[in-house]
Amino acid sequence: MKNPIFPPKDSSLRTKNIKILHIQSIFLMIVLTMSLTASMGILARSLFAYFIPELLPTNEITEMITEGGFADALSYDPTSNPIFVFIKIWGYVGYAVAIITLLVAIALLIFMKNRITMILADAPERNTIRVKKAKYVWLGFLLGAFGGHLFAIKNKDKASLFLVFGIVGTLLFPILLFYTSAISFSDAFLACFITKDAEGYIEVEDYPYWI
């Protein structure tokens, strides 16, 4: 498949908006990946904190008393230990990143919805395919990273490439899975707002470019 990465510069406004939607979806995947990483970090921090008593030296107070440092022993604060400080900072950073990325993700979804409104204001270009809305949307969201929604519109060449990208991305090169996830999410998200006919079908574009 010798498809261009980006659509031609003289493309219609609708095509350009679809390109922007795909790029926004790529940024959304970046943000969601950061959010997932922060969430996993918070979980790891919680588990680490649970086992912290076993990691801290237990004989510090005993040594203070033995050496006659009763005042030091009474005022000893275990939370001043570097491990406790590290855990505290880890928690602050993790929660900050999780909250910020969540807000950015919400903002990106709003931007994407606004872009979809612009896309649907123009008539479809060409290469439109009639497909069941529910089938296309669910396959796009759940299996789009492996070409599910592309198999639904019978674009076997591109669907097969997405399937290969998805498998290789899962096993070896996550960047490939990252790409297919972003594009399929934007396709499915766009399809959510296309009005279906009486039989539950919608018309989607089988665009020939990669973004």
Starting from [Y], can I reach [X] by hopping between I/L/V/M/F/W/Y residues whose side chains sit under 4.5 Å apart?
{"X": "Ile100", "Y": "Tyr92", "result": "no"}
{"X": "Phe189", "Y": "Ile194", "result": "yes"}
{"X": "Leu103", "Y": "Val93", "result": "no"}
{"X": "Leu190", "Y": "Leu139", "result": "no"}
{"X": "Tyr201", "Y": "Tyr136", "result": "no"}

Please list, chain by chain and in numerical order, all residues satisfying side chain to side chain contact (heavy atoms under 4.5 Å, CB included) with [X], sequence neighbours excluded.
{"X": "Ile110", "value": "Ile106, Asn114"}
{"X": "Leu32", "value": "Leu28, Met29, Ala105"}
{"X": "Thr37", "value": "Thr33"}
{"X": "Lys113", "value": "Thr117, Phe193"}

Less than 4.5 Å apart, any side-chain heavy atom of [X] and any of [Y]?
{"X": "Tyr179", "Y": "Phe162", "answer": "yes"}
{"X": "Lys9", "Y": "Lys16", "answer": "no"}
{"X": "Ser186", "Y": "Gln24", "answer": "no"}
{"X": "Thr128", "Y": "Val204", "answer": "no"}
{"X": "Ile23", "Y": "Lys19", "answer": "yes"}

**OP:** Would you please name every residue forming a side-chain hydrogen bond (donor to acceptor under 3.5 Å, both in side chains) with Lys196, sequence neighbours left out?
**Re:**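 side-chain hydrogen bond (donor to acceptor under 3.5 Å, both in side chains) list for Lys196, sorted by chain: empty.
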Original post:
Partners of Ser160 by side-chain hydrogen bond (donor to acceptor under 3.5 Å, both in side chains), sequence neighbours excluded?
Top reply: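 Applying side-chain hydrogen bond (donor to acceptor under 3.5 Å, both in side chains) to Ser160 gives none.
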Original post:
Any chance CE of Met34 has more than 12 other-residue heavy atoms, nucleotides or ligands included, within less than 6.0 Å?
Top reply: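 Count not over threshold, so no.
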Original post:
Does Lys158 make a cation-pi contact with Trp210, if we ask for NZ or CZ under 6.0 Å from the ring centre and within 45° of the axis?
Top reply: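 Output yes; distance and angle both within limits.
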Approximate separation, where rounding is to 0.5 Å, of [X] [atom1] and [Y] [atom2]:
{"X": "Ile30", "Y": "Ser25", "atom1": "CD1", "atom2": "OG", "value": "10.0 Å"}
{"X": "Ile116", "Y": "Ile20", "atom1": "CD1", "atom2": "CD1", "value": "13.0 Å"}
{"X": "Ile99", "Y": "Leu102", "atom1": "CD1", "atom2": "CG", "value": "8.5 Å"}
{"X": "Ile211", "Y": "Leu21", "atom1": "CD1", "atom2": "CG", "value": "12.0 Å"}
{"X": "Ile18", "Y": "Glu205", "atom1": "CD1", "atom2": "CD", "value": "4.0 Å"}
{"X": "Ile119", "Y": "Met112", "atom1": "CD1", "atom2": "CE", "value": "9.0 Å"}

Original post:
Cluster partners of Met40, using ILVMFWY side-chain heavy atoms under 4.5 angstrom, listed by chain and number?
Top reply: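 Leu36, all in the cluster of Met40.
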**OP:** Starting from Ile42, walk the hydrophobic network (Ile, Leu, Val, Met, Phe, Trp, Tyr; side-chain heavy atoms closer than 4.5 Å) and list everyone else you reach, by chain and number.
**Re:**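 Result for Ile42 is Tyr95.
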**OP:** Keeping the roles fixed (side chain from Arg130, backbone from Glu203), state whether a donor-acceptor pair exists under 3.5 Å.
**Re:**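 No, Arg130 side chain to Glu203 backbone: no donor-acceptor pair under 3.5 Å.
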Subject >> Check: Val97 main-chain N/O paired with Thr101 side-chain donor or acceptor under 3.5 Å >> reply: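 Yes; judged by distance alone, with no hydrogens or angles, the pair exists.
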Subject >> Partner set under ring-ring contact (aromatic ring centres under 6.0 Å, His included) for Tyr209, not counting sequence neighbours >> reply: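 So Tyr209 forms a ring-ring contact (aromatic ring centres under 6.0 Å, His included) with Tyr207.
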Distance-only donor-acceptor pairs under 3.5 Å for side chains of residues 163-172, two or more places apart:
{"from": "Thr170", "atom 1": "OG1", "to": "Gly166", "atom 2": "O", "distance (Å)": "2.7"}

**OP:** Can you tell me which residue pairs pass the ring pair (Phe, Tyr, Trp, His ring centres under 6.0 Å) test with a partner in residues 23-44, sequence neighbours excluded?
**Re:**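 Sorted result for residues 23-44: empty, none.
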Original post:
Would Lys133 and Asp197 pass as an ion pair if we require N to O under 4.0 Å?
Top reply: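 Answer for the salt bridge query: no.
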Original post:
So, Glu199 and Lys132, do they make that salt bridge, N to O below 4.0 Å?
Top reply: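 Result for this pair is no, no salt bridge flagged.
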Which pairs would a plain distance check flag for residues 141-154, meaning a side-chain donor or acceptor within less than 3.5 Å of a matching protein atom at least two apart in sequence or in another chain?
{"from": "His149", "atom 1": "NE2", "to": "Asp187", "atom 2": "OD2", "distance (Å)": "3.1"}

